[in-house]
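Reading through the structure tokens given below for one structure.
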Protein chains: 2
Amino acid sequence: MALLDRSLLADMPLFAGLGPAALDDIIAEARSARVAKGATVFEQDADATSFFVLLHGHLQVLRITPAGAQVIVRYVVPGELFGIAVQMGRATYPATALAVVDSVALSWSSIAWPRMMERFPSLAVGMMRTLGQRIDDAHGRVVEMSTEEVERRVAHAILRLVKQAGRRGDRGITIDFPISRQDVAEMTGTTLHTVSRILSGWETRGLVEGGRQKITVCDPHRLFLLAENRAE
Amino acid sequence: MALLDRSLLADMPLFAGLGPAALDDIIAEARSARVAKGATVFEQDADATSFFVLLHGHLQVLRITPAGAQVIVRYVVPGELFGIAVQMGRATYPATALAVVDSVALSWSSIAWPRMMERFPSLAVGMMRTLGQRIDDAHGRVVEMSTEEVERRVAHAILRLVKQAGRRGDRGITIDFPISRQDVAEMTGTTLHTVSRILSGWETRGLVEGGRQKITVCDPHRLFLLAENRAE
DNA sequence: CGAATGGTTGAATTGTTTCAATGTCGGTGG
DNA sequence: CCACCGACATTGAAACAATTCAACCATTCG
């Protein structure tokens with residue numbers, strides 16, 4: 001495997017403002033690990049022994065309710081932090097991180113965090129920004145679920161995924177990892193049946209193109225208008 | 001008005017671990033302000049010039065959508081931080097804070113925060129804890145809205161309010177500030193009609209007692225079972 | 001090739017909203 | 001002090017969006 005290099009961290013918001021020497025110090029403490037598709041990096045309620053940065057691949061972060069229902073909290077894309085339970089003052093992970101494709105992550109021991117933060121106080125600022133961003137996203141989702149009906153929620157979810165992980169193709173922009181109707185349902189609080197009907201409807205109207213665990217958005221602008229409920 | 005005293009901050013998680021001298025320093029920079037019932041402390045999208053601690057009273061934090069729908073993000077109870085947009089790396093407040101009863105808040109200038117944090121690094125840790133708690137709450141709510149039907153969401157919301165702001169009376173535990181059916185609807189993503197029907201139903205069964213802008217929980221345990229969907 | 005996983009689509013059902021009407025409480029002003 | 005107005009609440013009936021139930025098809029993979 002290639003040697004770990006500070007360039008991996010250089011353009012992450014959390015590490016912005018740190019010099020090369022600092023980045024070298026920080027990366028010297030990191031370990032990297034492969035995660036096979038379908039494997040978990042950590043599981044809900046397990047001891048939060050590490051925190052992570054995704055280098056390669058895509059993860060689902062999901063919560064499972066006592067009743068057994070799954071909810072996808074977010075998708076992690078390369079360059080993002082995840083598993084930051086310690087920083088949140090928690091002893092255990094609040095959710096499970098599952099690789100949806102073969103992935104690679106960098107990890108640091110949780111107990112290293114206080115020391116890192118002491119040496120580089122800007123890490124605390126960056127972490128608060130990250131946490132703040134997550135709060136904002138989560139509140140945005142609460143607002144969405146409170147005020148919008150299913151079709152528009154699905155439209156917003158798809159557009160978010162396209163933005164994060166869209167790959168341009170000749171028929172439109174495709175979400176760059178396998179995603180099932182069930183997954184979309186678990187992101188939007190509905191059933192796979194409803195998602196299937198909605199996507200079929202859109203396909204008829206030329207907005208998207210479906211496929212097994214695949215979604216291609218052919219007309220992002222019209223989908224956006226639909227999501228915002230402005231005419232159509 | 002009474003002089004500001006460090007004891008106001010002493011038992012807040014954010015300031016835990018700071019000595020008397022530090023608390024004196026911090027409170028010396030604070031200003032206090034009365035907020036009349038119905039007035040706002042700050043409004044959504046306004047410049048985040050200050051951050052706050054509630055000393056007395058109760059606030060609603062609400063988001064308004066472009067379409068005009070309101071969603072109550074949370075209720076602020078005495079001792080809690082609010083308006084911490086700067087710490088989240090934002091220039092503007094993401095929501096509006098509205099006093100539901102006459103209230104008193106302590107405030108600090110946003111520009112004082114970096115200096116405070118530099119002098120007392122434990123503030124950063126405490127703030128990350130607070131932010132983490134908010135993320136957890138918000139995700140919990142997303143899960144709830146994704147997986148539970150309205151009646152149980154309303155039950156959970158009422159139980160949370162009772163826990164935060166319940167006042168023991170002879171007929172049960174009453175929520176200690178005026179709260180309408182519409183408010184409960186805006187917390188749970190439903191309509192005031194549905195909330196009214198649900199509360200009426202509960203009243204018939206002896207679980208709660210209603211009233212104008214008033215909710216008294218007579219049988220918290222049975223309401224809890226209903227919220228958890230375990231028998232009834 | 002067979003089994004498993006993912007997807008589609010009709011039909012029936014249901015929880016919730018929408019529409020509408022009416023009632024009640026509390027404060028304000030004549 | 002009482003009348004009236006506005007805000008809050010209740011409750012029926014109709015409409016509807018989404019779920020549930022069910023059957024079936026397609027694709028992938030071992």
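Note that these values count all heavy atoms, side chains included, but never hydrogens, waters or copies made by symmetry. Here is the naming used below: chain letters follow the sequence lines, and residue numbers restart at 1 for every chain.
Between the side chains of A:Thr92 and A:Arg90, at least one donor-acceptor pair of N or O atoms lies under 3.5 Å. Using a 3.5 Å distance cut-off with no hydrogens or angles, the side chains of A:Asp5 and A:Ser7 do pair a donor with an acceptor.
Residues meeting the side chain to side chain donor-acceptor pair (under 3.5 Å) test with B:His193, sequence neighbours left out: none.
Regarding B:Arg152, its CZ atom lies at a distance of 14 Å from the P atom of C:dG15, rounded to whole Å.
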Please write out each protein N/O paired with an N/O of nucleotides 22-28 of chain C under 3.5 Å, distance rounded to 0.1 Å.
| residue | atom | partner | partner atom | Å |
| --- | --- | --- | --- | --- |
| C:dC25 | O2 | B:Arg212 | NH1 | 3.4 |

Assess whether side-chain contact (heavy atoms from CB on, under 4.5 Å) is satisfied between A:Ile215 and A:Val184, documenting all intermediate values. CA-CA 10 Å; A:Ile215 301 172; A:Val184 177; 4.0 Å; yes
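Listed in residue order, the members of residues 66-76 of chain A having a heavy atom less than 4.0 Å from DNA chain D come to none. Residues from residues 179-199 of chain A placing a heavy atom under 4.0 Å of any atom in DNA chain C, listed by number, are A:Ser180, A:Arg181, A:His193, A:Ser196, A:Arg197.
Between the side chain of A:Thr216 and the backbone N or O of A:Gly172 there is no donor-acceptor pair closer than 3.5 Å. Here the side chain of B:Arg134 pairs no donor or acceptor atom with the backbone of A:Leu131 at under 3.5 angstrom.
Among all heavy-atom pairs drawn from B:Ser146 and A:Met145, the shortest one is OG-CE, 3.5 Å.
Between B:Phe42 and B:Tyr93, the angle of the ring planes stays under 30°, which puts this pair in the parallel group of the 30/60° scheme. The aromatic rings of A:Phe51 and A:Trp108 sit parallel, their planes meeting at an angle under 30°, below the 60° perpendicular limit.
Each of B:Ile175, B:Ile179, B:Val61 was checked for a side chain to side chain contact (heavy atoms under 4.5 Å, CB included) with B:Tyr75, and the lone residue meeting it is B:Ile179.
Comparing the local axis fitted to the first five base pairs of the helix from C:dC1-D:dG30 to C:dG30-D:dC1 with the one fitted to its last five gives a bend of 30°, rounded to 10°.
Shown here is B:Arg129, whose CZ atom has no more than 12 heavy atoms of other residues, nucleotides or ligands within 6.0 Å.
Taking 4.0 Å as the cutoff to heavy atoms of chain A, we find the contact window on DNA chain D bounded by D:dA18 to D:dT28.
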